[in-house]
J.: 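Here you go, one structure.
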Number of protein chains: 2
Amino acid sequence: MTNKLNLNNLTKSEEDYLKALFQLLVEGGSAKVGNNQLADYLKVSPASTNNMIKKLKAKKYVASEKYGKLELTEEGKSIAVRLIRKHRLWETFLCNYLNFSWDEVHEVAEQLEHIKSHKLINELDRFMDFPTKDPHGEVIPNADGEYSVLPKITLSSLEEGAVCQLVSVNDASVTFLKYVSEIGLALSSEIKVLEVREFDSSIKIQFNNIEETVTRKFADNVFVKVI
Amino acid sequence: MTNKLNLNNLTKSEEDYLKALFQLLVEGGSAKVGNNQLADYLKVSPASTNNMIKKLKAKKYVASEKYGKLELTEEGKSIAVRLIRKHRLWETFLCNYLNFSWDEVHEVAEQLEHIKSHKLINELDRFMDFPTKDPHGEVIPNADGEYSVLPKITLSSLEEGAVCQLVSVNDASVTFLKYVSEIGLALSSEIKVLEVREFDSSIKIQFNNIEETVTRKFADNVFVKVI
DNA sequence: TAAAAAAGTTAGTTATGACTAACAAATTAA
DNA sequence: TTAATTTGTTAGTCATAACTAACTTTTTTA
Ligand SMILES: [Mn+2]
Ligand SMILES: [Mn+2]
Ligand SMILES: [Mn+2]
Ligand SMILES: [Mn+2]
């Protein structure tokens, strides 16, 4: 029972790797995540991830056997969640107070999430009156690291005739987010799946009296709640 | 006339060295700054500064001859001023919106000043309605990098009987700033120099009907305007 | 002005975190 | 069940930015 108040002496890179693992394992819901998959996600070489994983295993943030799949320890998860909390709070601040649009915030938040100061992030939270969702509809973990990982149902997984509400979007692609806004979709939009085309998996949807055809790739990045 | 919109591909370290040089040369008013002095200021070895100075000379941010004194080019100064602008705007934000006290802001601002986003800092400036002074009384450069470097008159430089107003304080020491607040001094305080003691250069001052004796070291970090 | 001290430089080492190339193990397909 | 492919690992290299130790140049002091 020593380090409840965690020193957090991690480098920016170590933090990024833990966050990536968390996003693949927990938020992405992948049962198994391998070294190459992590390398792919982080856009670095497999040699780099292999090397970093060794370091994180030595520090007890990651657990895995040689040639086995990667897992996060409780401590590893805790660090990742705190990073995600910071990321989403900053995104919210940029959008709600500094006139950033939802496609502009992610890149800057990638930098801001590494600022080390408990007071900073908790005061920012208070200043915004404890927001629970970020500009992309993603849940913001609270100061104790608690938050609900909503099961991510993609628009692409729905059948013809389904009616749903847009809950959140993948925040990492600027062009995707601009596209979403441009066609008139937003958080809470009510969407009806009119047609799922077998040929190319494109989907015809309806919302706000608008009809649009979107690709499978687009629909994979839109998360919904069926109603 | 190529790079008006500067890419600013500098590392955190390169930025820190340029800022340190600026603070010694321009804000500190030293006519000459040498390699070892810079090393001292940054708390790194002379070998480290020597190495970094070479890099900054290659990039045309610093000019100097071998064994000669260090100088900043216009481009070097410009980068330093932008960094100082960011630092002071963040300090102001932390103090005025996030309940930080003036002794808590410097360390966090040292991290925040390296966040790369023109929009972020200019929107933060607008959000706070373009403040001109930071919590320590230091002048905040505007978006064009313009600002007045006030001649820094230290409290220690005054003679017996002088009356002055506290304009700014050195922001880098937490214990110093706490001490300043504790004895009841603040920005704009009117101070009278009652006595300068020859023995140990300690100074007896009066302000708000309070009399205090402070050391030379203390008075060196208090900047005033004679009235 | 010669010796001592201070200031500045260079060489070589370390840690972090990338990379490529080569290789080994595990999985998938034929 | 062998062969091909994918996945994972290792070795060696590079860049950044620190360090110590040894050395040289400049400045100061006697
Ligand atoms: Mn994001
Ligand atoms: Mn987001
Ligand atoms: Mn400061
Ligand atoms: Mn300040």
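Keep in mind it's a predicted model, so treat the numbers as computed, not measured.
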J.: What integer distance in Å separates B:Q37:CD from D:dT27:C1'?
T.: 15 Å
J.: My understanding is that only residues two or more places apart in sequence, or in another chain, count here; which of them pass side chain to side chain contact (heavy atoms under 4.5 Å, CB included) with B:S148?
T.: B:V139, B:L150
J.: Return the set of residues passing side chain to side chain contact (heavy atoms under 4.5 Å, CB included) with A:D40 (not counting sequence neighbours), or none when no residue passes.
T.: none
J.: Using atom CD of B:E15 as one end and atom C1' of D:dT16 as the other, report the distance to the nearest whole Å.
T.: 15 Å
J.: How would you list, by chain and number, every residue that makes a salt bridge (charged side-chain N to carboxylate O under 4.0 Å, His left out) with B:E160, sequence neighbours excluded?
T.: none
J.: Can you build the contact string for nucleotides 9-19 of chain C? Use B for base contact, S for sugar-phosphate-only contact, and - for no protein heavy atom under 4.0 Å.
T.: BBB----SSSB
J.: Check salt bridge (charged side-chain N to carboxylate O under 4.0 Å, His left out) between B:D125 and all other residues, then give those that pass, not counting sequence neighbours.
T.: B:R85
J.: Once side chain to side chain contact (heavy atoms under 4.5 Å, CB included) is applied, do any residues pair with A:K119, and if so which ones, sequence neighbours excluded?
T.: A:S117, A:E123, B:F100, B:E104
J.: Go through the structure and list residues passing side chain to side chain contact (heavy atoms under 4.5 Å, CB included) with A:Q37, not counting sequence neighbours.
T.: A:L24, A:S30, A:V33
J.: Under the ring-ring contact (aromatic ring centres under 6.0 Å, His included) test, which residues partner A:F218, sequence neighbours left out?
T.: A:F176, A:Y179
J.: What's the CG-C1' distance between B:L70 and C:dG8, to the nearest Å?
T.: 10 Å
J.: Tell me which residues in residues 20-34 of chain A put a heavy atom below 4.0 Å from DNA chain D, sorted by number, or none.
T.: A:G34
J.: What residues form a salt bridge (charged side-chain N to carboxylate O under 4.0 Å, His left out) with A:K152, not counting sequence neighbours?
T.: none
J.: If an axis is fit to five pairs at each end of the helix from C:dT1-D:dA30 to C:dA30-D:dT1, what is the angle between the two, to the nearest 10°?
T.: 0°
J.: Could you list the residues that satisfy salt bridge (charged side-chain N to carboxylate O under 4.0 Å, His left out) with A:K69, not counting sequence neighbours?
T.: none
J.: Report the distance from atom NZ of B:K69 to atom P of C:dA7, rounded to the nearest whole Å.
T.: 8 Å
J.: Applying salt bridge (charged side-chain N to carboxylate O under 4.0 Å, His left out), run through A:R88 and A:E113 and close with a yes or a no.
T.: CA-CA 8 Å; A:R88 293 180 182 166; A:E113 71 189 10; over 6 Å; no
